[in-house]
Amino acid sequence: MSKNLVIVESPAKAKTIEKFLGTDYHVMSSFGHIRDLADKGIGIDFENNYEPQYVVSTDKKKLVSELKKASKDAETVWLASDEDREGEAIAWHLYEELKLKKDSTRRIVFHEITKDAILHAIETPRDIDVNLVDAQQARRVLDRIVGFELSPILWRKVRPSLSAGRVQSVAVRLIVEREREISQFVPEASYRVNAIFSSVDSKGKPVELKAELPQRFATKVEALAFLETCIKAEFSVDDIVKKPAKKSPAPPFTTSTLQQEAARKLGYSVAQTMQIAQRLYEAGKITYMRTDSVNLSDLALGTSKAEIISMAGEKYVHIRKFNTKTKGAQEAHEAIRPTYMNAHTVEGTAQEKKLYELIWKRTIASQMSDAELEKTSIFISVSGSNLQFVASGEVIVFDGFLKVYMESTDDEQDTENESLLPSMKKGEKLSSVEIIAQERFTQKPPRYGEASLVRKMEELGIGRPSTYAPTISTIQNRSYVEKGDRAPEKREYNLLKLKAGKISDKIKEENTGAEKSKLFPTDIGTVVNDFLIEYFPEILNYNFTADVEKEFDNIADGKIKWTKSIDKFYKKFHPIVEDTMKNSERKVGERILGVDPKSGRQLSVKIGKYGPLAQIGTVDEEEKPVFASLRKEQSIESISFEEALELFKLPRQVGEFEGKVMTVAIGRFGPYIRHDSSFYSLPKTDDPMEVSTERAIEIIEAKREVEKNRIIKTLGENNEIQVLNGRFGAYFTFDGVNYKIFPKGTDPATLTFERCQELIAAQPEAANKKKPFGRKAAAKSDKKEKAQTKAKTTKAKATKAKK
DNA sequence: CAGTGAGCGAGCTTCCGCTTGACTT
């Protein structure tokens, strides 16, 4: 039995540390927090000075009893959770729950997992910082109060099962407001002028030079006037300016910057990035992946230096210490870096390799020299005008860190690759090849993607490295926000071109506004957001978290008692909750669009039981209202009167077939024809408003034909196996499960019952190999989770009933 | 697997932050 028990938060960390400490130390992991506020009810005793009611989480019961046993057997227990607010609280909860003794308990901390750091920590133990623990209790209780008092208001006033909270509601707000900025955006046009000049170099070889006019023209008249003067103008090199410039590497990765770069460079979602990073961490390949620190350990700096020298030479080394700029960063860990800097790559899946290499490059680059550039600008004067063209070029004099890594940016539209310019002399005459004035429009603000939302949240100090990915899935799971694409729209622009002394004037077309994998607010998200902003502006304020963080700091510094701080908040907050519950109106986002010209009744849109709907008439009229669902891409906020009216043209009857009517409508899976209680999907090429009787019959018969050919044969005494024709070729089903037929080229007609049994036996492995990511898997796990909690609650109910 | 949208109003839902598995199609 070991004399010492060390408890850390992460099992991977436990494994590493145990190696450093030797046989006298047994290292165990708490797997994060071991207990939390009680889940039934609010878990806070308001009568008793906000006393938190902590319970050991059900999935931690077994672990806690193991820890308890191990702590009893040990002479000394070392609480080595992270050195931040949550870590301190974890230590305290362990102390309380394991009923540890003060004399035999030590609190130690280290921010890097190196032998020196850990041995040093063991030599310098301290007590649990009660003030820091209290700051965490205040954080926890505040979040519980906000979440559990706001959510029920939404259940009553908007829709059941909704949620609100300090972090998620602000995240949704960002997206709703961005969407409004975009829809209110009015693009402004101006004319940008580019020119191509030609000359000959010293050897008499012709060279071309691209230049741009820094000024833009507001109107076509001005642009045209400038081109007119260019017809007769002489062009000459007025000045050549060379300026040295520097580029510095970005700091090593934090959780947030890793998520952004992995999204930009590798196209991963934030959840994906975290899953892959977790695997690399567990395999000991990288340091901890949930961190807000850009700091590297001395060990890492040393090995990086050695690596750079062997790779590129001494002059590429520039050791740097980065400082975090992030609001509220707690810096309990190092930056995300490779464990061993000399490993340029790792074994593993393609995704793991790519992410690892990204981390390796970023880390190495952060310790490399600046890149040195020379920027050249050639100013070209135009006779008869005081405007000047500018040609700019950039040459890398010394590549420095660019040898391994360049950070990406979000706006990749300005990819004018500035390169080497031909050498020119002052006063040199140039002739113009062509000069183009192109109408350009100001850009809409971009929608947030997952990673750019994380960046914004981090900037506002909202959320923590461990919660970025979960928060993003929460707001999507609650259907406040949807990830989606937007097809580009065509836009006309004007192009004026001066060539060979003539100006041409053309209208051209460009694509604009295409978006991929961006976050869009849903109607329910918008309605909930507007409701919360109306009644709880303080909580939804972007600075709310920053303000309460200051308060928590004061608690941590011992300047104020946590219960006092919470009391101050609650006394203000709770009355508003009560008042809103009593006096606010139900919010369904109703918009009245006008009057239906046919019936003369009111046309409106709102959120209904099953989602957004349009409605003709009102419930208080004698005649019942008529309803129609909004299409997937429509929203209450932006739908027009005409578009809403259009919805009522379906379902529409398209005639009779075999004595039964055929109706065309649009359902969850798109347009369909219903006939004799069967459904027939409309091909994309058919417009549901136009489909004729003949065409509808054609579609029905086509599907029947496919159905007829679907069954190849049936096998087994009760036909329990069916061999069928599917979209991807023949397959067979048994007991509701589909099975592949192999080897390839097998004639399905020759299959026997016995052969099918063999194939069934062979399939489970094949099915297990493919692990799909994404919506399906997520929806599944969500469902399961729900089922589990349901089981839990029914169980709880049963035990209650027994009592 | 495609329709619904009043009601009797049961009993349910919900937060943030710290950690990893547990499941199948």
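Each chain gets a letter, A, B and so on, in the order its sequence line appears, and its residues count up from 1. As the structure is a prediction and not an experimental result, all values here were calculated from the model.
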Checklist entry - With respect to the phosphate group of dC18(B), does any side-chain polar atom (N or O) of Arg290(A) fall under 4.0 Å of OP1 or OP2? => result no

Next on the checklist: I want to verify a distance call: between dA6(B), dT4(B), dT20(B), whose nearest atom is closest to the Ser629(A) side chain?
Outcome noted: dT4(B)

Next on the checklist: Nearest to the Glu282(A) side chain among dT20(B), dA2(B), dT13(B), which nucleotide is it?
Outcome noted: dT20(B)

Next on the checklist: Any carboxylate oxygen within less than 4.0 angstrom of a Lys/Arg side-chain nitrogen, looking at Asp129(A) and Arg107(A)?
Outcome noted: no

Next on the checklist: Nearest to the Leu613(A) side chain among dC18(B), dG5(B), dG3(B), which nucleotide is it?
Outcome noted: dG5(B)

Checklist entry - From the list dT4(B), dC16(B), dT19(B), which nucleotide is the closest neighbour of the side chain of Tyr610(A)? => result dT4(B)

Next on the checklist: Measuring from the side chain of Ser163(A) (C-beta onward, heavy atoms only), which nucleotide among dC16(B), dC15(B), dT20(B) has the closest atom?
Outcome noted: dC15(B)

Checklist entry - Does a side-chain N or O from Ser466(A) land closer than 4.0 Å to OP1 or OP2 of dC18(B), or not? => result yes

Checklist entry - dC16(B) phosphate, OP1 or OP2: any side-chain N/O from Gln168(A) under 4.0 angstrom? => result yes

Next on the checklist: Mind checking if Arg144(A) touches a base, just sugar-phosphate, or nothing, with heavy atoms under 4.0 Å?
Outcome noted: base

Item to check | Nearest non-hydrogen partners of Pro651(A) and Ala665(A), listed with the distance | outcome: CB-CB, 3.8 Å

Checklist entry - dG3(B), dC18(B), dT19(B): which one has an atom nearest the side-chain heavy atoms of Pro11(A)? => result dT19(B)

